[in-house]
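The structure under discussion appears below in the form of structure tokens.
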Amino acid sequence: MLKRTPLYQAHLNLGAKMVPFAGWEMPVSYPAGIIAEHNAVRNSVGIFDIGHMGLIKIEGEEALALIQKAATNDASVLSVNQCQYSILCNEKGGTIDDILVYRLPMSYLIVCNASNTEKVLAWFKKQAGAFSPATASLYDNYCMLSVQGPKALNLVSSVLSAPLSDLKHNHTLWWRDIILSRTGYTGEDGIEMIVAKKEAAGIWDAVIKQGVQPCGLGARDTLRLEAGLPLYGHEYDEATTPLEAGYAWAVKFDKGDFIGREALFKEKAEGLRKKLVGLIPEGRAIPRETNKVVDRKGLSAGVITSGTFSPTLKRPIALAYLEGTGEGVNIEIRGNLVPAKIVAKTFYKR
Amino acid sequence: MSEPFPVDLKYSKEHEWVKVDGKTALVGITHHAQDQLGDVVYVELPPVGKEIKAMEEFGVVESVKSVSSLFCPVSGKVVEANSALNNSPQLVNDDPYGKGWIIKVEMGNPADTNALLSAADYKKLVEAK
């Protein structure tokens, strides 16, 4: 049985195509279509139901110590109402999940990928034994909405009468029992809201009434890919390290011990086995996940982790792990070798 | 929106349509198919002159999210491919039975069309889902 967010009926009313995703029944697109939804976020504003994301509360006197041990970034620098990107690694440095860590006044809140919620909760609970008192539990009565795009701040300010103009990136504002966070997963400015489940539909409807484009998982994927943002299960898995994914800045070796530190330190010293890059192929055929990448001599060079049509660049783009370096490679698409240029993985910067 | 099930066409269970004109057949994908795919961003066309067997894959259509094979409901030789789709693949969405046609086939066996569905039967198939 698939889970549904509080906005399920709202999606049906808007004519959304619903699909199973990470155990949830979620909108993949609305009648406007993925490209129109994508462009609304790049040029104006769009709203996403991200109620499938996992919310885990870490509480107790030793909550910070637990997070410092489990995650790679340094959470001790967070002030109240601030958040940071971080990664949970196993002992080998492989990625259990990539997360956001929020420091709230009395606790910490972890936002993790929907597909990993149970695994991340179990991982924190397992580590918590050594940090008494520190507990991890699902933040069950809340869910998330995301409003993204150059007009997102103005829109949310006006709908909620919230004073957002001074809110910095990776900071939050508590407003009428809603946590407003200046974060996102689209490469645009925006606000993610953590709201009580019973309030979610009212806020969604108020935003939609302003003419804001509802956006589904399809546009969420094209937007994050253009921005070069990794997605767990594609660019991250338990055999891939945050260094390989290009997130060395979120791995703080000098903060003290954390799980995976030794393995990551060794990999850093010895050199990376593979590296995430952007690829721009010639022509219009789209590289897809698992397509092989070969070098110009025909030798195996890596594999595509995500590929799509970029609505902004109006051409195919892809992310791939490559074992070597060079100027160009070929991608095997349906038996054809398609030449591709290696580029920085941020295809789009606002 | 165009008429979803034009009565002058024949349909395959794989959601292609065929418009017969003497010995030639125009082939495309149905309104329902393009709606399910979403924004079409690439159509891989076969070379003119290629011989195709009935229900053999002759190309692919890619939407933002997915890749789908194109099957030719009739056997024959490709005499024309819609080159307008190279620069404007969205014609498949905008006008699936008109400017979004995909290939023109010189039929090897016009009786192939007898196995295809009428508009009414195809409509039943789509609505049964």
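Naming convention: chains lettered A, B, ... in sequence-line order (proteins, then strands); numbering from 1 in each chain.
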| Is it the backbone or the side chain of Asn86(B) that comes under 4.5 Å from a heavy atom of chain A, or both, or neither? | backbone
| Based on non-hydrogen pairs under 4.5 Å, which of Gly33(A), Ala285(A), Gly218(A) is most in contact with chain B? | Ala285(A)
| field | chain B contact via Thr222(A) - side chain, backbone, both or neither, heavy atoms under 4.5 Å | value | side chain
| query | Heavy-atom count around Lys292(A) NZ within 6.0 Å, excluding the residue itself: above 12? | reply | no
| field | Val43(B) versus chain A, the contacting section by heavy-atom distance below 4.5 Å | value | neither
| field | Salt bridge flag under 4.0 Å for residues Glu62(B) and Arg334(A) | value | yes
| query | If you measure from CD1 on Ile286(A) to NZ on Lys65(B), what distance do you get to the nearest 0.5 Å? | reply | 11.5 Å
| said: Do Pro89(B) and Arg284(A) have side chains that approach each other closer than 4.5 Å (heavy atoms only, starting at C-beta)? | reply: yes
| query | Do other residues, nucleotides or ligands put more than 12 heavy atoms under 6.0 Å from the NZ atom of Lys10(B)? | reply | yes
| query | Does the side chain of Ile35(A) reach to within under 4.5 Å of the side chain of Val64(B), using non-hydrogen atoms? | reply | yes
| field | Heavy atoms of other groups near Asp8(B) CG, more than 12 under 6.0 Å | value | yes
| Heavy-atom distance under 4.5 Å to chain A: side chain of Ser69(B), backbone, both or neither? | neither
| If you count the non-hydrogen atoms of other residues, nucleotides and ligands that lie under 6.0 Å from NZ in Lys19(B), is the total more than 12? | no
| message | Tell me if the NZ atom of Lys151(A) is crowded by more than 12 foreign heavy atoms within 6.0 Å. | response | no
